[in-house]
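From a predicted model like this one, the values you see are computed outputs, not experimental measurements.
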Amino acid sequence: GHQSRGDSRKEPVGPGSSVRKARVAGGATGVASRVPEYKFTLSVAKRLQKELKKRGYEVYMVRTKNNVNISNKKRAMLANKSGADIYIRIHGDSSGSRGVKGASIFYPSARNPYVSRLSRSSKRLSKKLLNAYCKKTGIKKRGCSGRDDLTGTNWSKIPVTLIECGFLSNPSEDRKLQNKSFQKKMAVGMEDTVLEKIDSLWPQTNYCMCDRCRLDIACYSLNHLPTRYVTTNAGAVLHKFDSLTTQSDAEITACVYRA
């Protein structure tokens with residue numbers, strides 16, 4: 001979320017909307033660390049990217065540096081065009097009261113006038129993400145809420161979630177969020193949910209033309225992922241091979257024997 005400088009010029013909050021908001025808000029600043037939100041969020045995003053790439057996943061980053069000017073609408077459109085299966089928006093929270101702490105998540109509600117079709121999948125993603133994140137980090141769980149005034153959410157065409165990682169306005173939580181080893185915990189907590197979500201999206205067929213086995217096995221088409229391995233359920237056997245094609249001409253990079 002955010003960037004080194006906000007952009008107060010207006011853009012529609014959603015497709016066809018007459019309501020207009022600033023393209024990019026300035027963001028918060030850590031009350032103890034004095035680290036601006038845009039630096040904090042990019043640091044966490046890069047750590048999440050690193051963890052996912054270690055597992056063989058392709059990650060699209062809306063921004064990789066702070067000195068950019070990309071509106072919230074444009075960010076969603078970039079995510080849409082990237083071929084990604086989910087869109088995670090990373091933010092830091094702030095409050096007028098320094099005692100407030102914890103993590104929360106926003107997703108489009110079922111009554112969202114722009115992307116109500118994404119509400120159910122985004123809500124499921126959000127709940128799993130918050131549970132895994134808070135379990136891994138120990139940060140207080142404040143809950144998930146539907147919110148329909150977020151431009152970056154309303155222009156999305158894929159399941160989308162915005163996580164407020166913690167309160168930069170809380171001195172102790174701010175210091176914790178800026179700690180590099182703690183940020184790795186944050187990334188790992190998010191990573192577990194991403195892997196589970198992507199796994200549920202993999203298409204599955206009931207036929208295989210693998211010359212190396214020619215067995216009745218379940219095939220997972222992973223042509224949109226760079227990995228050559230699949231994590232399987234207990235009792236399944238991983239079968240790795242160079243390449244094969246199915247009747248649908250989809251590239252298969254891993255097969256799993258039926259248990």
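The NZ atom of Lys46 sits 10.5 Å away from the NZ atom of Lys65 when rounded to the nearest 0.5 Å. The NZ atom of Lys135 sits 13.5 Å away from the CG atom of Leu130 when rounded to the nearest 0.5 Å. Atoms NZ and CG, from Lys185 and Asn179 in turn, are 9.0 Å apart once rounded to the nearest 0.5 Å. Rounding to the nearest 0.5 Å gives a distance of 11.0 Å between OG of Ser17 and CG of Asp149. Glu173 contributes atom CD, which lies 12.0 Å from atom OG of Ser33 (distance to the nearest 0.5 angstrom). Here Thr137 contributes atom OG1 and Lys184 contributes atom NZ; the two are 15.5 Å apart, rounded to the nearest 0.5 Å.
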Inset, instruction - Please lay out, stage by stage, how Leu78 and Ile70 fare under the test side-chain contact (heavy atoms from CB on, under 4.5 Å). - result: CA-CA 10 Å; Leu78 288 171; Ile70 310 172; 4.1 Å; yes
Legend entry - Step-by-step side-chain contact (heavy atoms from CB on, under 4.5 Å) determination, Asn69 to Arg23: CA-CA 9 Å; Asn69 191 7; Arg23 293 185 178 190; 5.8 Å; no
Inset, instruction - Please step through side-chain contact (heavy atoms from CB on, under 4.5 Å) for the pair Ser43 and Gln183, ending with a clear verdict. - result: CA-CA 8 Å; Ser43 178; Gln183 286 185 4; 2.5 Å; yes
Legend entry - Arg5/Asn67 under side-chain contact (heavy atoms from CB on, under 4.5 Å): CA gap, chis, key distance, verdict: CA-CA 8 Å; Arg5 287 191 176 187; Asn67 187 25; over 6 Å; no
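Using a 4.0 Å cut-off between charged nitrogen and carboxylate oxygen, Glu191 and Arg55 count as a salt-bridge pair. Salt-bridge formation is not detected for the pair Lys176/Asp174: no Lys NZ or Arg NE/NH1/NH2 atom is positioned less than 4.0 Å from an Asp or Glu carboxylate oxygen.
Here the side chains of Glu58 and Leu52 are not in contact, with every heavy-atom distance at 4.5 Å or above. By the 4.5 Å heavy-atom criterion applied to side chains, His2 and His91 are counted as neighbours. Between Tyr57 and Lys53 the shortest side-chain heavy-atom distance does not fall below 4.5 Å. Looking only at side-chain heavy atoms (C-beta outward), Asp148 and Tyr114 stay at 4.5 Å or farther from each other. Proximity of Arg117 to Ser122: side-chain heavy atoms (C-beta onward) are nowhere separated by under 4.5 Å. Here the side chains of Arg175 and Leu177 are not in contact, with every heavy-atom distance at 4.5 Å or above. Between Phe106 and Cys144, the closest side-chain pair of non-hydrogen atoms is not below 4.5 Å. Side-chain contact between Ile139 and Phe182 is present, with heavy atoms from C-beta onward closer than 4.5 Å.
Counting only N and O atoms by type, the side chains of Glu164 and Ser104 include no donor and acceptor under 3.5 Å apart. Using modelled atom types and a 3.5 Å distance limit, the side chains of Thr161 and Arg89 yield no donor-acceptor pair. Using modelled atom types and a 3.5 Å distance limit, the side chains of Arg34 and Gln178 yield no donor-acceptor pair. Side-chain contact annotation: Asn170 with Ser172, donor-acceptor N/O pair under 3.5 Å present. The closest side-chain donor-acceptor pair between Asn131 and Lys141 falls under 3.5 angstrom. Neither side chain, Glu37 nor Thr29, offers a donor N or O lying under 3.5 Å from an acceptor on the other.
By the criterion of side-chain heavy atoms lying less than 4.5 angstrom apart, applied directly or through intervening Ile, Leu, Val, Met, Phe, Trp or Tyr residues, Leu125 is grouped together with Ile105 in one hydrophobic cluster. No chain of hydrophobic side-chain contacts below 4.5 Å, direct or via other Ile, Leu, Val, Met, Phe, Trp or Tyr residues, connects Leu42 to Val68. Tyr87 and Leu150 fall into different hydrophobic clusters, where Ile, Leu, Val, Met, Phe, Trp and Tyr residues are linked whenever their side-chain heavy atoms come under 4.5 Å apart, directly or through other members. Connection of Met77 to Tyr60 is not established within any shared hydrophobic cluster, with ILVMFWY side chains joined at heavy-atom distances below 4.5 Å, either directly or through further cluster members. One hydrophobic cluster, built from ILVMFWY side chains closer than 4.5 Å, holds both Val44 and Ile163.
Nearest heavy atoms, Ser156 versus Val160: OG-CB, 3.8 Å. Nearest approach of Asn80 to Trp155, heavy atoms of both residues: ND2-O, 3.0 Å. For the residue pair Gly152 and Ala76, the shortest heavy atom distance occurs at O-CB, 3.3 Å. Val24 approaches Asn72 most closely through the heavy-atom pair CA-ND2, 4.0 Å. Of all heavy-atom pairs between Cys165 and Tyr133, the closest is O-OH, 2.8 Å. Scanning both residues, Ser119 and Pro108, for their nearest heavy atoms gives OG-O, 2.9 Å.
Considering Glu11, Lys21, Gln3, Arg9 as possible partners of Ser71, the one that fulfils the side-chain hydrogen bond (donor to acceptor under 3.5 Å, both in side chains) test is Glu11.
Between the side chain of Arg20 and the main chain of Lys10, a donor-acceptor pair closer than 3.5 Å is present. At least one donor-acceptor pair under 3.5 Å links the side chain of Ser169 to the backbone N or O of Ser95. Within the 3.5 Å criterion, the main-chain N or O of Lys128 finds a donor-acceptor partner in the side chain of Thr193. Counting only distance, with no hydrogens or angles, the side chain of Asn154 and the backbone of Val13 share a donor-acceptor pair below 3.5 Å. Using modelled atom types, one side-chain atom of Ser4 and one backbone atom of Asn66 make a donor-acceptor pair closer than 3.5 Å. Between the side chain of Lys73 and the backbone N or O of Pro12, no donor-acceptor pair lies under 3.5 Å.
The local environment of NZ in Lys123 is sparse, with at most 12 non-hydrogen atoms from other residues, nucleotides or ligands closer than 6.0 Å. The number of heavy atoms from other shown groups lying within 6.0 Å of NZ (Lys54) is above 12.
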